[in-house]
Engineer: 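The structure is given below, and queries will be raised subsequently.
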Amino acid sequence: MSAAPVLSAAQAGESPVRHALRRLSAYLLQNSLYYTGWALITLAYVAAFVAFPMLVGWSIQGAMDPDVPPEELRWRFVALLAVAVARGALRFFSRLLVFTAAREIEYEIRNDLFAHLQRLPQSFYFNWRTGDLMSRCVNDLNAVRLMLGPGLLSVVQTPVLFIGVLSAMFYLDPTLAILVLLPYPLFILIARVFGTALYNRSLAVQVGLADLSNQVQEVVSGIAVVKAYSMEEEQASRFEKINNELYRRSLRLIRINGAMPTITGMLPAVAMWVVLMVGGGSISRGEMGVAEFFTFAMYIWDLTFPTFIMGWVVALVQRGSAAMQRIDEVLSVEPSIRDHDTIESVESLQGEIEFRGLNFRYDESDAAPALEDIRIHVPAGSTLGVVGSVGSGKTTLASVIPRLYEVADGQLFLDGIEINRLPLQVLRSSIAMVPQDSFLFSTRLSDNIAYGLPPETGDGPIREAAEMAQLAKDIHELPQGFDTLVGERGVMLSGGQRQRAALARALALRPSILILDDTLSAVDAETEAAIQSELTKVFEGRTVVMVASRVTSVRACDQIAVLDSGRVVELGRHEELVARGGLYWRLASEQAASERVRRVKADLAEGSLENEGGAAL
């Protein structure tokens, strides 16, 4: 679970950056053990860092002084070696701890982000692009890790190093130390000037990466459509446009990234020039010894790299802050569908469904509701057919039952309990839904059918579900049978096979409520009849909601709801609805006429082929 509350920046009354960093601080506190150890080791490292030039000067002074005995000189050299080794070891463990902590936080944020994405309702994904979300989960998270690793290491360690080194330099020669220090306040001005530009340009690059990721994802997912319409050149043109924009933004970021280290790298050079000019004169006047001068020069040299990389570190921090803001935008989206504060203690559902004047809009700004005043009672163990013209609200009606969309209180009840008071886990574990778009994962066919079953489930339930869905007869045609990899979104299977595989997946769960959303639209009439025969056995003892485009699919249902513009215009059994001569009768008549025409054409085509064969003989 996330360490920070799910609140947007507006709800918290904070700026987006401040809110994102506050969320990040919660993860830092969770890993305080790492950072406490790192802080202690860093202090020890700074002590060794400051002591080493002192020991070098001490050793040089001893080597130049004939009064120092060889035994003491050797002891000084041993101390110098010991501090050098200790400094290297402390440096290693300091980086090991902070980089490990950064990886740990990256791991935690990635888990929280993925879990949060799964909790968000389907309506969230209508407004967010897949490529953008992928970019936030990969590119932005990597930028946050770099900020918490190398970035945090330098931001914390470098000021401590400066304090330690400057203290030693003031101890050796206060006047020279002040002169050396004069150029360094310029760094504050440089960081202020460059920091804002780095943040804005880094954010622009992150957005550009998201746009590029989304473009690639859409083309790869829809490659069949791209090729079918010969749109390769058009897609290439769109990609080039987005890529050029990302290239332009990246160049703007590179320019400022290149300028920052160049300018900051001049500060130690100026400091070294001061040491050579002023310190050299002090040596000639006998005011400073060679050992002290060497120690001073080493301090300047040791500060060169930390100062030089501060420009790179500022860029890391600004880019990481921008990336964390983009991640925080997703984590701050509050799931509209979740367990309420007061829920009923229910372990399972029998399957009774009742719509009590249900009204539903996808968005409050929609002019007309998707569903309006729906009143249907489905007893447990009975079947409900739902038919209607395209866009009448059939799929929406099926989708509100497992709470894929949020509905108002008091309008939908299962087993007499208001649906918003049911635990989500109990609700959805009691329902199996075969959506209109039969999505399959890029894994084995058997794994797709077993999706939702316990890991220890054997092959028996999988094969049984395949038999009921009339999929078993196609298994021998697949290269590895049930072990066949179905490819991305089931591309290795036909449309009818994908629908039957999705149906088998639902049947394997043996749910209390089974929802079939136009499940048989891609199968032929013969296969549909065979599946319907098997489903009759499956339907026994469970509630079934069958959404269909073809009237023949629902004629055996206990009751049939006919939708038109989101309203139930007819409700009853097949014979009753046909007798009324309303919309259901018109749909049935039109589909029956279309089926007769199709059969006549098929018979004529078959007769023509037979005549051609006879003539050939």
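Count residues from 1 along the sequence.
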Engineer: Locate the shortest heavy-atom distance separating Phe99 from Gly149; write the atom from each residue and the value.
Structural biologist: CE2-C, 3.5 Å

Engineer: So which atom in Leu349 and which in Leu414 form the shortest heavy-atom distance, rounded to 0.1 Å?
Structural biologist: CD1-CD2, 3.8 Å

Engineer: Determine the sole option in Ile401, Leu404, Ile513 for which the side-chain contact (heavy atoms from CB on, under 4.5 Å) test with Met433 is passed.
Structural biologist: Leu404

Engineer: For Glu108, give me all partners under salt bridge (charged side-chain N to carboxylate O under 4.0 Å, His left out), at least two apart in sequence or on another chain.
Structural biologist: none

Engineer: Who are the side-chain contact (heavy atoms from CB on, under 4.5 Å) partners of Leu509, not counting sequence neighbours?
Structural biologist: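 Per chain and number, Leu509 pairs via side-chain contact (heavy atoms from CB on, under 4.5 Å) with Ala432, Leu453, Pro511.
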
Engineer: Is Glu106 salt-bridged to Arg103, going by a charged N under 4.0 Å from an acidic O?
Structural biologist: yes

Engineer: Kindly give the heavy-atom pair with the smallest separation between Val346 and Val426, and that separation in Å.
Structural biologist: O-CG2, 3.2 Å

Engineer: Taking the side chain from Gln411 and the backbone from Asn359, do they hold a donor-acceptor pair closer than 3.5 Å?
Structural biologist: yes

Engineer: Should Leu117 and Cys137 count as side-chain neighbours, where that means a heavy-atom distance under 4.5 Å?
Structural biologist: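 Side-chain contact under 4.5 Å: yes.
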
Engineer: Indicate yes or no for a side-chain donor-acceptor contact from Ser154 to the backbone of Gly151 under 3.5 Å, with no hydrogens or angles considered.
Structural biologist: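 No; judged by distance alone, with no hydrogens or angles, the pair does not exist.
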
Engineer: Using modelled atom types and a 3.5 Å cut-off, is there a donor and acceptor pairing between side-chain atoms of Arg428 and backbone atoms of Pro402?
Structural biologist: yes

Engineer: Hey, does Tyr35 have a side-chain heavy atom less than 4.5 Å from the side chain of Leu152?
Structural biologist: yes

Engineer: Taking all heavy atoms of Ala465 and all of Ile449, pick out the closest pair and write down the distance.
Structural biologist: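 Looks like CB-CG2, 4.3 Å.
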
Engineer: Check this for me: does any side-chain nitrogen of one of Glu245 and Arg249 sit under 4.0 Å from a carboxylate oxygen of the other?
Structural biologist: yes

Engineer: Residues two or more places apart in sequence or in another chain: which of them pass side-chain hydrogen bond (donor to acceptor under 3.5 Å, both in side chains) with Gln480?
Structural biologist: none

Engineer: Would Asp132 and Arg326 pass as an ion pair if we require N to O under 4.0 Å?
Structural biologist: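 Judged by the 4.0 Å cut-off on N to carboxylate O distance, Asp132 and Arg326 do form a salt bridge.
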
